[in-house]
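All remarks here apply to the structure that follows.
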Amino acid sequence: MRSDFMELNPNFRCSYETFRLAVKSMNISWAKLGNEECESCYIFQNHNPGHNLEHPDNSCDECQKWVDHLSRAKAARKLYEEHKNILPDSDARHIRVSADLQKVIMLPRLECFKTAIFTQRLVAYNESFVPIGSLTKQEKNNKPLAVLWHNAISGRNQEDITSTFEVFFDENRDCPRFSIWLDNCSAQNKNWCLLTFLVFVVNQSDTTVETVELFYFESGHTFMSADSFHHQVENSFKKCQKVYDFRDLKKAVASANDGRALVRELSYSDFRMWESCRRQTNKNAAHTLPYLSNISYIRAEKGCMKLFYKTSHDKFEPVQVLDFLNRKIIKNGFNKNFAPRRTCAKGISADKKTCIIKQLLPLMPPSRHDFWKNLPVAAAEADEDDVIYS
Ligand SMILES: [Zn+2]
Ligand SMILES: [Zn+2]
């Protein structure tokens with residue numbers, strides 16, 4: 001930030017410390033957010049010592065790729081800032097949020113005990129829908145929604161994340177218009193399962209949802225209001241010091257953002273088996289589907305079984321039709337058995353549960369024991385999150 005400021009004001013002398021204090025006095029806080037760095041930018045910086053930010057080479061593929069990447073990142077950021085400056089009160093019938101899954105949270109969170117760190121724990125998830133305007137202003141309809149569950153209830157596959165979107169629309173059931181900013185993570189936010197759900201949700205007879213727009217950031221440049229909120233949640237965990245069970249977690253999340261966050265805990269029946277109803281395409285067919293990775297904007301409209309999309313945030317790019325559903329759905333619509341609900345909790349492995357009870361229960365007050373003793377156990381199914389996160 002300071003380098004940017006110095007570049008814009010070359011005749012102004014200002015030390016790093018003076019700059020920091022001036023920014024702080026404007027009530028802007030400093031936070032180090034994880035260790036995320038843009039891979040495309042990093043590759044560019046290292047591809048050729050002669051090619052740099054100021055002088056990309058017109059004949060170099062890497063340089064051209066990067067120039068395009070940066071201009072896409074800037075266009076997304078500019079549009080996001082424009083949306084951010086629209087006051088929510090001026091149009092309460094249009095909700096603008098960013099949505100993201102918080103980095104994995106382990107329960108119990110007892111960072112001060114080595115045993116806890118080395119024991120396989122329960123994985124908790126927080127998919128947050130956070131207004132993109134200022135989070136500090138007291139505005140009606142401008143509260144972050146934290147959708148919480150853990151992996152003894154359900155996992156975090158496409159259909160699980162899609163289920164949280166249904167909860168979000170349900171929480172805002174009087175609102176007809178939604179704009180949702182997302183990062184480019186295809187597993188969570190950019191897949192045919194979520195897109196099928198969008199067509200489904202706007203075409204339900206009992207819904208007020210009329211338009212849903214998804215806006216995607218360029219990979220590596222995705223900082224959004226949901227990240228700020230997750231940072232507040234992290235601080236809230238630190239303040240609590242010990243988060244023993246799911247109820248403690250809910251309390252800690254609810255106290256983030258000065259206690260204004262809405263928390264919604266999901267039970268297993270809130271999860272539905274959403275699926276992709278994308279039609280099969282033949283590579284040689286005249287009518288192929290675009291690659292989702294190239295898409296920057298998607299819109300769903302009530303009464304329409306197609307979506308609309310753009311491949312950039314350029315306002316002059318015409319919107320194209322995304323006719324992706326299979327014939328059966330187009331002809332008959334979604335039948336009432338579409339996306340059945342979960343009928344039981346996912347459960348964790350018996351070994352993991354035994355291990356937590358043996359190793360960690362002695363570190364917790366008796367009031368927290370029941371949660372762990374009553375945790376559902378999976379039949380024989382593999383606990384896939386253990387593979388990824390243990
Ligand atoms: Zn980048
Ligand atoms: Zn180059």
Side-chain angles (χ1 to χ4, degrees), residues 1-9 16 19-20 23 28-85 96-104 127-130 132-133 135 161 179-191 194 213-231 234 290-298 309-317:
M1 264 168 78
R2 179 176 170 267
S3 335
D4 193 46
F5 176 81
M6 298 303 280
E7 208 179 294
L8 291 170
N9 304 280
Y16 188 85
F19 181 79
R20 192 186 68 83
V23 173
I28 297 170
S29 56
W30 298 80
K32 196 165 174 284
L33 292 148
N35 45 5
E36 277 169 38
E37 202 177 325
C38 174
E39 286 179 25
S40 303
C41 287
Y42 192 74
I43 291 169
F44 166 75
Q45 280 158 28
N46 291 292
H47 82 287
N48 183 328
H51 301 174
N52 56 40
L53 301 173
E54 284 78 28
H55 307 289
D57 187 322
N58 286 336
S59 60
C60 166
D61 278 355
E62 275 309 322
C63 283
Q64 290 316 304
K65 236 165 61 189
W66 179 78
V67 168
D68 181 52
H69 161 73
L70 197 70
S71 89
R72 292 175 64 85
K74 281 184 172 167
R77 183 61 51 193
K78 189 168 165 265
L79 188 60
Y80 179 80
E81 291 298 321
E82 279 169 28
H83 285 187
K84 212 168 128 179
N85 293 327
R96 294 179 179 83
V97 294
S98 72
D100 201 12
L101 186 69
Q102 183 166 358
K103 285 218 186 80
V104 170
E127 172 81 10
S128 309
F129 297 84
V130 183
I132 60 174
L135 279 181
I161 303 294
S179 295
I180 308 173
W181 280 86
L182 299 164
D183 70 21
N184 246 316
C185 173
S186 58
Q188 288 165 20
N189 307 319
K190 215 181 197 187
N191 51 70
L194 179 66
E213 292 175 295
L214 304 184
F215 296 85
Y216 292 95
F217 283 107
E218 177 75 358
S219 301
H221 300 255
T222 62
F223 183 77
M224 54 181 132
S225 57
D227 294 309
S228 310
F229 177 63
H230 292 158
H231 181 69
E234 276 295 328
Y291 288 112
L292 285 186
S293 56
N294 295 335
I295 287 182
S296 303
Y297 168 81
I298 292 172
Y309 77 101
K310 280 168 66 168
T311 58
S312 74
H313 291 301
D314 182 344
K315 61 180 169 208
F316 297 111
E317 183 192 327

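Values below: every heavy atom of this structure, side chains too, minus hydrogens, waters and symmetry copies. In this chain, numbering begins with 1 at the start of the sequence shown. Atoms within a ligand are numbered from 1 in the order they appear, just like the ligands themselves.
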- prompt: Which angle, to the nearest 10 degrees, do you find at the Zn ion (ligand 1) between SG in Cys41 and NE2 in His69?
  reply: 120°

field: Short side-chain to backbone donor-acceptor contact, Ser98 and Leu182, under 3.5 Å
entry: no

- prompt: What N/O/S atom of His221 gets nearest to the Zn ion (ligand 1)?
  reply: NE2

message: Can you check the angle at the Zn ion (ligand 2) formed by SG of Cys63 and NE2 of His47? Round it to the nearest 10°.
response: 110°

task: Step through it carefully: locate the ring centre of Phe44, locate the ring centre of His47, and say whether they are under 6.0 Å apart.
output: yes

message: Taking Glu81 first and then Lys78, would you say they form a salt bridge - that is, a charged N and a carboxylate O separated by under 4.0 Å?
response: no

- prompt: In His51, the N, O or S atom nearest to the Zn ion (ligand 2) is which?
  reply: ND1

- prompt: Trp181 vs Phe215 aromatic rings, parallel, tilted or perpendicular, using cut-offs 30° and 60°?
  reply: parallel

